[in-house]
Amino acid sequence: MFIVHQPSNMSTVAARFRLDQGWSVRAKDWSPSEWLPVKQMPTQIHMDLLANGKIPDPYVDMNELAVQWVGEKTWIYKLQFTPPTTTHKFTDIVFEGLDTFAKVTLNGKEILSSDNMFVSYRVNINDAMIPDQENLLEIEFDSALTKGRQLVEKHKHEHDFYVRQSEAGRVAVRKAQYNWGWDWGPILMTAGPWKPVYLDQYTAKLDDIWVQHLFGDDLQSCNGFLFANVQGGTGADDTVKFTLTLDNETILEAESKVDNNGTAQAPFELTNPKLWYPFRYGSPVRYSFTATLRRSSAQLDTKTRLVGFRKTELVQEDDSHGKSFYFRINNIDVFAGGSCWIPADNMVSQISPQRYYDWVKLAVEGNQDMIRVWGGGIYEDDAFMDACDELGVLVWHDFQFACASYPTYKSYLDTFTREATQQIQRFRWRPSVVVWAGNNEDYQVQERYKLDYDYANKDPESWLKSSFPARYIYEHLLPELLKEHDPHNLYHPSSPWGDGKPWADLTVGDMHQWNIWHGTMEKYQDAAEMSGRFVSEFGMAAYPHVSTNKAAITDASQLYPGSMMLDFRNKAIGHERRTATYIAENFRFRDGFGEFTHLSQTVQSETMRWAYKTWRRQWNTPGQRKCGGVLVWQLNDCWPTASWAVVDYYLVKKPAYYAIARAMRTVDVGVTRTVFDWCQTTEFVDEFSGLKTGQIDLSEAARKGTFDVWIASSAVDEIEVSLTVRFISIKTGKDVCAPIQRKTIAGANRTTEVLEKEALPASIPDADDYTVPFCVAKHDPFVVHATVTLPDGTVVSDSAWPDPIKYLDFAARNVQFAASADGEHVTISAEKPVKAFVFEETPGMKLSDNGFDIMPGEDVTVRVQGSKVQELLWTHIGAKEASMSI
């Protein structure tokens with residue numbers, strides 16, 4: 001039994017009591033006496049079974065298969081509790097989240113039936129509760145897997161449940177869609193009270209407080225309304241006092257009566273307000289906003305939130321490339337470089353607030369200023385959102401629809417409307433949430449299955465009768481709900497979306513560029529030709545570090561590329577051929593698990609370098625913002641696996657993370673050189689057979705080509721910098737010709753083209769010599785290496801190698817190390833150019849950089865935390881071993 005303790009001094013102030021102790025759980029078909037203790041609340045069933053030794057860890061080996069039965073059962077949670085004595089008028093029980101089909105009884109009386117994981121419920125229990133005595137609370141969770149299948153069968157004559165990824169049953173259920181499995185995660189059908197449960201006792205209480213505001217063009221004034229919603233009965237003299245403070249100084253106070261609808265509102269105006277900025281452009285300033293509810297002289301409740309004031313625009317204007325798509329925050333054009341985000345665990349209840357903070361902090365440390373919360377997971381946790389607000393990270397949040405054709409029959413629309421209303425209200429006061437999107441890739445499903453869609457038809461009622469009824473949700477219902485509850489925020493109907501044009505259109509809206517990895521499997525070196533107006537998804541898969549795979553696979557004999565265990569964990573369709581193809585095209589295959597891990601990570605890192613640098617280059621100048629942002633799929637993993645994530649489940653960074661961080665520096669230099677076809681033939685028709693044939697000239701890269709150098713800057717002022725471009729022999733480490741050196745101006749918040757289509761020095765003495773021995777005896781390949789020195793002495797660099805790397809000889813690099821006296825830094829140098837130098841990372845280790853190239857005469861110093869420098873393992877392309885110690 002759990003006794004809810006009450007404050008020692010009874011008062012009229014509303015009180016909240018967490019019901020987080022004393023719970024137990026069992027399967028409905030188990031013996032009535034077979035209850036398991038619940039060790040943590042909130043919870044999900046796999047957590048409880050694992051804690052009680054009833055299932056193996058589903059994240060280890062192939063145990064995912066051994067726990068599938070869990071999702072097929074009905075589970076009952078119970079709590080016996082004695083409520084506190086109260087003089088308050090109301091006692092409510094609040095369920096912030098029930099996963100998913102739940103029947104709740106109190107002392108045998110049903111008080112709630114739920115069918116939606118994303119909806120919170122408040123139930124008055126004055127009549128059902130027994131004061132000062134033991135009460136029995138029970139929650140019975142049906143199998144969402146089974147219920148989904150039943151709903152599809154029930155409504156199959158009303159709707160065609162088209163679905164990509166997993167089974168159609170998920171489409172009928174308002175639950176995290178990835179629980180049915182995805183191409184990066186397991187099938188783990190969760191159930192349980194996944195968010196807190198508590199008692200509220202009050203005479204009247206503040207249910208919600210928020211601010212709506214608008215700015216003038218010059219940002220010198222901000223005006224709007226302060227709002228509060230009151231729960232419970234209202235008295236004739238009920239008032240709400242609003243206070244806004246900054247750094248403990250009161251900025252304004254206002255007071256309002258509570259109307260008959262339980263709403264209080266007061267107009268306000270701020271002069272020269274401190275603004276909330278994304279972290280790369282300023283400080284994410286937040287004001288303390290407090291509302292206090294009073295009746296006569298008695299204080300009934302108080303609530304405080306940290307709110308930020310910012311002006312947000314989504315700029316979509318016609319230009320020479322089509323129609324722009326980029327964000328403008330506080331009158332500053334922002335190139336949104338960041339990541340897509342999936343739930344950080346399959347059992348989201350076990351993610352601690354600190355872990356959420358660590359994830360967002362990691363994004364900030366990687367220079368990522370936007371996170372897109374994907375539509376197949378959850379509306380993210382308050383701890384995640386708190387971190388984004390605090391650290392200045394922009395949030396693009398999808399509504400929870402992904403890769404399917406969703407229904408609109410009445411019961412479905414009703415529950416979703418409640419869901420969407422609650423989530424809009426939940427986030428409307430947060431400065432980090434700058435745009436909502438209606439769904440993830442559902443219009444791709446519409447195109448794929450040729451479902452009804454006529455962009456010119458603007459009659460929402462007719463959409464409900466079409467074969468793509470969810471258009472009603474994305475283009476009518478959600479805009480109306482946002483207009484009502486958060487009228488000044490941005491909305492985008494889908495991701496991707498471009499004014500009703502095909503989803504792959506490069507001239508308008510955002511796009512998901514999956515012709516790298518998926519689709520036509522283009523070379524990552526061709527990324528520059530594959531950008532859109534805003535790339536909100538793209539990616540390249542890679543293995544996590546060896547330490548992560550060793551934690552997930554207990555059988556050492558299975559730690560080899562392509563083992564059953566590794567292939568089982570990698571859910572990406574066709575991953576074997578895709579990973580192998582990209583490695584084989586670019587690098588020399590080597591034996592061993594460590595070598596393969598390094599090569600897959602290098603492919604991913606190189607993809608990030610090409611994409612982020614060349615697409616950021618297309619940020620161009622005001623009025624010509626060809627590409628407005630890049631969000632990699634994906635930042636994180638929900639379990640230890642090989643995937644597109646640039647950081648693995650244990651928050652261990654892959655080299656790709658650092659490639660993004662370098663490409664997204666405030667001021668960065670980029671260099672590219674001509675990439676010649678080595679994997680695709682030049683086609684012509686044979687005159688005798690009439691068949692298409694072709695040939696590849698592998699000597700082109702040695703004989704000809706050009707290079708470009710540019711500077712990308714997100715600084716709000718122009719900066720004078722020093723540029724040096726070297727041409728360094730890969731064979732000898734010496735410069736093959738004199739460097740280019742010049743002073744130049746990096747323009748403010750734009751791309752500055754410094755060198756365009758400059759001729760490369762020939763890498764063989766006679767460019768017309770086609771004799772066979774040239775490739776061995778005469779070819780002296782070189783790296784084009786550009787460095788920019790900023791006024792404060794900071795140096796940024798980039799290197800363009802002669803692709804493919806597999807044709808190059810990396811013998812005798814002579815890598816050297818020097819540890820600092822404090823043991824926290826290591827300096828790495830090399831006699832000859834080194835490609836993809838990587839320290840093997842482990843959980844708890846923190847490096848200032850990794851996965852970088854090393855050039856002769858330009859040492860690299862890395863700060864090391866969480867490991868002794870002498871214990872670091874390292875490798876690079878062409879190294880003799882998979883990993884070597886310093």
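Atoms considered below: every heavy atom in the structure, side chains included; atoms not considered: hydrogens, waters and symmetry mates.
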- Counting distance only, does the side-chain N/O of Gln400 pair as donor-acceptor with the main-chain N or O of Asp398 below 3.5 Å? yes

- Could you verify whether a donor N or O on one side chain and an acceptor N or O on the other, from Gln368 and Ser339, lie under 3.5 Å apart? yes

- Item | Any donor-acceptor N/O pair, Gln165 side chain to Ala402 backbone, under 3.5 Å | no

- Query: Is the shortest distance from a Lys or Arg side-chain nitrogen in Arg673 or Asp708 to a carboxylate oxygen in the other one below 4.0 Å?
  - Reply: no

- Message: So that I know where these two stand, are Phe309 and Phe215 an aromatic pair - ring centroids less than 6.0 Å apart?
- Response: no

- Item | Rounded distance [0.5 Å steps], CD in Gln446 versus CZ in Arg471 | 9.0 Å

- For Leu790, does its backbone N or O pair with a side-chain atom of Thr794 as donor and acceptor, under 3.5 Å? no

- Message: Could you check whether Asp319 and Ser324, counting side-chain N and O atoms only, form a donor-acceptor pair closer than 3.5 Å?
- Response: no

- Rounded to the nearest 0.5 Å, what's the gap from CD1 on Ile660 to NZ on Lys613? Could you check? 12.0 Å

- Query: Do any N or O atoms from the side chain of Glu522 and from the backbone of Ile516 form a donor-acceptor pair under 3.5 angstrom?
  - Reply: no

- Using atom types as modelled and distance alone, determine if a side-chain donor or acceptor of Tyr657 lies under 3.5 Å from a backbone N or O of Leu362. yes

- OG of Ser713 to CD of Glu718: how many Å apart, nearest 0.5 Å? 10.0 Å

- Just by modelled atom types, is the Ser643 backbone N or O under 3.5 Å from a matching donor or acceptor in the Asp637 side chain? no

- Query: What about Phe335 and Tyr281, are their ring centers closer than 6.0 Å?
  - Reply: no

- Message: Tell me if the aromatic rings of Trp341 and Phe384 count as close, with their centers under 6.0 Å from one another.
- Response: yes

- Task: Can you measure from CZ (Phe327) to CG (Asp369) and round to the nearest 0.5 angstrom?
- Result: 11.0 Å

- Message: Tell me if the aromatic rings of Trp436 and Phe427 count as close, with their centers under 6.0 Å from one another.
- Response: yes

- Message: Using modelled atom types and a 3.5 Å cut-off, is there a donor and acceptor pairing between side-chain atoms of Gln618 and backbone atoms of Ala528?
- Response: yes

- Determine, step by step, whether Arg609 and Asp798 satisfy the salt bridge (Lys or Arg N to Asp or Glu O under 4.0 Å) criterion, reporting the C-alpha distance in whole Å, the side-chain angles of both residues, the deciding distance to 0.1 Å, and the verdict. CA-CA 9 Å; Arg609 174 196 170 271; Asp798 189 34; 3.0 Å; yes

- Item | Ser600/Thr579 under side chain to side chain donor-acceptor pair (under 3.5 Å): CA gap, chis, key distance, verdict | CA-CA 7 Å; Ser600 77; Thr579 298; over 6 Å; no

- Message: Less than 3.5 Å apart, any donor N or O on the side chain of Thr751 or Asn620 sitting next to an acceptor on the other?
- Response: no

- Task: Go through the steps for Phe727 and Phe707 under the test ring-ring contact (aromatic ring centres under 6.0 Å, His included), then give the verdict.
- Result: CA-CA 11 Å; Phe727 306 88; Phe707 71 97; 5.5 Å; yes

- Going by distance alone, is a donor N or O of one side chain under 3.5 Å from an acceptor N or O of the other, for Ser714 and Arg280? yes

- Report yes if the distance between the aromatic ring centroids of Trp374 and Trp184 is under 6.0 Å, otherwise no. yes

- Counting only heavy atoms not in Asp217, do more than 12 fall under 6.0 Å of its CG? no

- Query: Does a side chain donor of either Ser320 or Gln624 reach within less than 3.5 Å of an acceptor in the other side chain?
  - Reply: yes

- Message: Side chains of Ser462 and Asn457 only: does a donor on one sit below 3.5 Å from an acceptor on the other?
- Response: yes

- Message: Just checking Phe325 against His492, ring centres under 6.0 Å apart?
- Response: yes

- Message: Salt bridge or not between Arg662 and Asp668? Use side-chain N to carboxylate O under 4.0 Å.
- Response: no

- Checking Gln634 side chain against Asn636 main chain: does a donor-acceptor pair fall under 3.5 Å? yes

- Message: Any side-chain to backbone donor/acceptor pair from His488 onto Lys483? Under 3.5 Å, distance only.
- Response: no

- Note on the structure: So CD1 of Ile805 and OG1 of Thr602: to nearest 0.5 Å the spacing works out to 10.0 Å

- Task: Run the numbers on Trp497 and Asn439 for side chain to side chain donor-acceptor pair (under 3.5 Å), then give the verdict.
- Result: CA-CA 10 Å; Trp497 168 264; Asn439 67 82; over 6 Å; no

- Between Asp452 and Ser466, does any side-chain donor sit less than 3.5 Å from a side-chain acceptor? no

- Task: Please determine, by modelled atom types, if Trp503 and Asp505 share a side-chain donor-acceptor pair under 3.5 angstrom.
- Result: no

- Task: On the 0 to 90° scale, with breaks at 30° and 60°, tag the Tyr449-Tyr162 ring pair as parallel, tilted or perpendicular.
- Result: parallel

- Item | From Arg310 atom CZ to Leu219 atom CG, the distance as rounded to the nearest 0.5 Å | 12.5 Å

- Please indicate whether Lys458 has more than 12 foreign heavy atoms, meaning atoms of other residues, nucleotides or ligands, lying under 6.0 Å from its NZ. yes

- If the plane angle is over 60° it's perpendicular, under 30° parallel, otherwise tilted; pick one for Trp514 and Trp644. perpendicular

- Message: Which residue in the set Asp510, Val630, Leu314, Val508 passes side-chain contact (heavy atoms from CB on, under 4.5 Å) when paired with Phe534?
- Response: Asp510

- Message: Is there a side chain to side chain donor-acceptor pair (under 3.5 Å) between Arg372 and Asn440? Walk through the geometry before answering.
- Response: CA-CA 11 Å; Arg372 171 181 167 243; Asn440 173 82; 2.7 Å; yes

- Query: Hey, mind stepping through Asp499 and Lys323 against salt bridge (Lys or Arg N to Asp or Glu O under 4.0 Å) and telling me if it holds?
  - Reply: CA-CA 10 Å; Asp499 292 355; Lys323 180 182 283 189; 2.9 Å; yes

- Query: Within the distance-only criterion (no hydrogens, no angle test), does the side chain of Tyr612 pair as donor or acceptor with the backbone N or O of Gly338 below 3.5 angstrom?
  - Reply: yes

- Message: Please determine whether side chain to side chain donor-acceptor pair (under 3.5 Å) holds for the pair Thr507 and His321, giving the CA-CA distance in whole Å, both sets of side-chain angles, and the decisive distance to 0.1 Å.
- Response: CA-CA 6 Å; Thr507 67; His321 308 291; over 6 Å; no

- Message: Please determine whether salt bridge (Lys or Arg N to Asp or Glu O under 4.0 Å) holds for the pair Glu585 and Lys806, giving the CA-CA distance in whole Å, both sets of side-chain angles, and the decisive distance to 0.1 Å.
- Response: CA-CA 8 Å; Glu585 286 180 353; Lys806 65 182 179 180; over 6 Å; no

- Query: Can the ring centroids of Phe538 and Trp517 be said to lie less than 6.0 angstrom from one another?
  - Reply: no

- Donor + acceptor pair across side chains of Glu606, Asn586 (<3.5 Å): no

- Does a side chain donor of either Arg616 or Thr614 reach within less than 3.5 Å of an acceptor in the other side chain? no

- Message: Please tell me whether Asp442 and Tyr474 have a donor and an acceptor in their side chains that are separated by less than 3.5 angstrom.
- Response: yes

- Indicate yes or no: does Arg164 engage Asp183 in a salt bridge with an N to O separation below 4.0 Å. no

